[in-house]
Amino acid sequence: MKKYIPMIIGGVIQEEKLENNRELTLSSDNKVSLPILDKVLAEKVVAHTIDNKLTLNKIVNFLYTVGQRWKSEEYARRRTYIRDLQNFLGYSSEMAKLEANWIAMLLCSKSALYDIVSNDLSSQHIIDEWLPQGDCYVKALPKGRSVHLLAGNVPLSGITSILRAILTKNECVIKTSSTDPFTATALVSSFIDVDSEHTITRSMSVMYWSHNEEISLPLKIMNSADVVIAWGGDDAIKWAIKHTPPHANILKFGPKKSLTVIDNPKDLTAAAIGVAHDICFYDQQACFSTQSVYYIGEQLASFIHELEKQLTIYSKILPKGTQTFDEKAAFSLTDKECLFSGFQVNKGENQSWLIINSSLNNVGNQPLSRSVYIHQASDIKEVLPFVNKGATQTVSIFPWKSSFKYRDQLAEHGAERIVESGMNNIFRVGGSHDGMRPLQHLVNYISQERPSSYTTKDVAVEIEQTRYLEEDKFLVFVP
């Protein structure tokens, strides 16, 4: 099976040139064909500008209109997207459908879109109006051109990246991943479906280039960026850092690990359901996926038994995606290595899950694919050495009340998010992402400062600096 994915510049699908395409092999039987970025196309991207005078209200209404299409199971774009995730990326039908449902949820949540702006930038109005703050009027203006270097392991991260830029009125140049060339193109194509001339549509460009090829043309685009948003592993982040121009801000969403703390639960079933969800969502490909569980309490064996049941249920309600030969081999090798090391190992049918019970400091390879290490801990102090600044993203906890006992220690050791077990994939409005509030990095705050005639709380007279100097009276006005 072979599929052509077009390049989009300024919301316009570029004409296909058969002699100027490349092929990406996503599996042995499936390939995608993508346009190669040539000089003409690169210059077209750099030259494209759009005057975005939309208010936040008009932005949210447009996204909501697009989201209503994604909400319909009859929308052809949604059906094609689900089919592509299954056929080319190996998603189960349940997971592919869930991905499309989440796109609809993000676009249709009007209140949440307003609240994201309000929480990150202090006011939903600050991107539309000059607001009085302190002794000034302040407005948040877009950086300008945002270049998004997307990862392929979590499609929704790309959607989130693009939405943040749209809400702050930035132009988007989106470089897709070789392992997911579908999601960004599907989203922008749905903008075109709704209104091809809309300002948001016209501010979108989508393309692919390889980091391993000649990069003079991608560098033209990188050099035109005002802000770069980089997602992915170590190599992708290093590439982004190396090629982001000095004048541009860069947001890095690099590789992180996440873990779960189970604190002597009364309800073992509820505890196991939460852990199973955090293991199974995206088959542990996401930074927020639980890879290790630290169990504090007396019923570890019973908890593991319950977790086996819940992982088996998840293998049916949210089946794993297709595994490559290498992934299957890594799974089997970890299984054998752990048995050889004397760990207690339990596994589901057809490699559907793997539970490895080992002591605190004994961790073998982590093949992902729903594999989890479980460790008995006597108290939270034994867990803290495994929470590390810059490396640990999400710590999920059950029961929720225990998060209040441990949050200070976890935060001091470097945990960036603390959530209830089973909620790893839900980023609550108002929360941080990798230790920051991303929208703040997508705008420039401009201040219009009040004149000398404006009196302040501390200086109740007009500011006449020349007279103060002539009369040497400065200290008179020091509060």
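In this chain, numbering begins with 1 at the start of the sequence shown. Both backbone and side-chain heavy atoms feed into the values below; hydrogens, waters and symmetry mates do not.
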**Asked** Who are the salt bridge (Lys or Arg N to Asp or Glu O under 4.0 Å) partners of K256, not counting sequence neighbours?
**Response** E416, D434

Per-pair distances, 0.1 Å, donor-acceptor, side chain in residues 105-121, under 3.5 Å, sequence neighbours excluded:
| from | atom 1 | to | atom 2 | distance (Å) |
| --- | --- | --- | --- | --- |
| S109 | OG | M105 | O | 2.6 |
| K110 | NZ | N61 | OD1 | 3.3 |
| Y114 | OH | N57 | ND2 | 2.9 |
| N119 | ND2 | D115 | O | 2.7 |
| D120 | OD2 | L439 | N | 3.1 |

**Request:** With Y81 as reference, evaluate F182, W102, W70 under the ring-ring contact (aromatic ring centres under 6.0 Å, His included) test and give the passing residue.
**Result:** W70

**Mutual orientation of the aromatic rings belonging to F281 and H277 [parallel < 30°, tilted 30-60°, perpendicular > 60°]** = tilted

**Prompt:** Does H48 use its side chain to pair, donor to acceptor, with the backbone of K44 at less than 3.5 Å?
**Reply:** no

**Set of side chain to side chain contact (heavy atoms under 4.5 Å, CB included) partners for A96, sequence neighbours left out** = I82, L85, Q86, Y91

**Prompt:** What pairs with V363 under side chain to side chain contact (heavy atoms under 4.5 Å, CB included), at least two apart in sequence or on another chain?
**Reply:** Y373, H375

**Fill in**
Residues pairing under salt bridge (charged side-chain N to carboxylate O under 4.0 Å, His left out) where one sits in residues 277-289, two or more places apart or in two chains, turn out to be D283-R370

**Message:** Looking at E23 and K3, is any side-chain nitrogen of the basic one under 4.0 Å from a carboxylate oxygen of the acidic one?
**Reply:** no

**Message:** Taking salt bridge (Lys or Arg N to Asp or Glu O under 4.0 Å) as the definition, give me every residue that meets it alongside K169, ordered by chain and number, with sequence neighbours left out.
**Reply:** D128

**Prompt:** Distance-only, no hydrogens or angles: does the D180 side chain make a donor-acceptor pair with backbone N or O of P155 under 3.5 Å?
**Reply:** no

**Prompt:** With sequence neighbours left out, what residues match D51 under salt bridge (Lys or Arg N to Asp or Glu O under 4.0 Å)?
**Reply:** K53

**Asked** Sequence neighbours excluded, which residues qualify as salt bridge (Lys or Arg N to Asp or Glu O under 4.0 Å) partners of E15?
**Response** none

**Prompt:** Do the ring planes of H198 and F62 sit parallel (below 30°), tilted (30 to 60°) or perpendicular (above 60°)?
**Reply:** parallel

**Message:** Taking side chain to side chain contact (heavy atoms under 4.5 Å, CB included) as the definition, give me every residue that meets it alongside L141, ordered by chain and number, with sequence neighbours left out.
**Reply:** K139, I446

**Prompt:** Which residues pass the side-chain hydrogen bond (donor to acceptor under 3.5 Å, both in side chains) test with R83, sequence neighbours left out?
**Reply:** none

**Message:** Could you check whether any side-chain N or O of R164 sits under 3.5 Å from a backbone N or O of L442, counting only pairs where one atom can act as donor and the other as acceptor?
**Reply:** no

**Request:** With sequence neighbours excluded, tell me which residues meet side chain to side chain contact (heavy atoms under 4.5 Å, CB included) with R79.
**Result:** E74

**Message:** Strictly by salt bridge (charged side-chain N to carboxylate O under 4.0 Å, His left out), give each pair with a member in residues 56-67 just once, sequence neighbours left out.
**Reply:** none

**Request:** Please answer whether the main-chain N or O of A225 pairs with a side-chain N or O of H247 as donor and acceptor at a distance below 3.5 Å.
**Result:** yes

